[in-house]
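In what follows, a structure is listed as structure tokens, so that the remarks can point back to it.
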Amino acid sequence: MSRLYGDPIEVWTRDGEPTQFVWRDRLYIVRRVLDHWVVAREWWKTSEGDPGERQFWRVEASPGREVGSYELRYDTASNGWLLLRAWD
């Protein structure tokens with residue numbers, strides 16, 4: 001079962017991939033990237049140089065021993081990250 005959130009998060013990346021993130025004051029270490037996809041929409045563009053992309057990452061991550069699956073989204077227009085979904 002998954003739960004929807006849409007919470008802003010702080011993310012650290014290496015070579016363009018998320019390596020860790022802070023969600024609800026807890027540091028999560030990304031153990032494995034499960035999937036990555038990009039969605040581009042013309043109406044998401046905020047300027048001529050903005051590609052109007054949102055990048056999605058499904059990752060396995062943990063704040064300790066228990067590993068969970070999380071869907072993260074990066075928005076090129078706002079340069080911000082959201083935690084969209086978490087799986088039990």
Looking at every non-hydrogen atom in both residues, tell me the closest pair between Gln20 and Ile29 and how far apart they are.
OE1-CD1, 3.3 Å
May I ask you to check whether Trp57 and Tyr70 place their ring centers less than 6.0 Å from one another?
no
Only one of Leu72, Leu34, Leu84 passes side-chain contact (heavy atoms from CB on, under 4.5 Å) with Arg58, and that residue is Leu34
Atom CZ of residue position Arg3 - does it have more than 12 heavy atoms of other residues, nucleotides or ligands inside 6.0 Å?
no
So Glu71 and Leu83, do their side chains get closer than 4.5 Å, heavy atoms only?
no
Does any non-hydrogen side-chain atom of Asp35 lie less than 4.5 Å from one of Phe56?
no
At what distance, to the nearest 0.5 angstrom, does CZ of Arg32 lie from CD of Glu17?
12.5 Å
Whether Ser69 side chain and Trp87 backbone form a donor-acceptor pair below 3.5 Å:
no
Drop me the distance from Phe21's CZ to Thr13's OG1, to the nearest 0.5 angstrom.
13.5 Å
Quick check for you: to the nearest 0.5 Å, what is the distance between Arg73 atom CZ and Gln55 atom CD?
11.5 Å
Looking only at heavy atoms, the pair that brings Leu82 and Gly6 closest together is CD2-O, 3.7 Å
Salt-bridged, Glu60 to Arg31, with N to O below 4.0 Å?
no
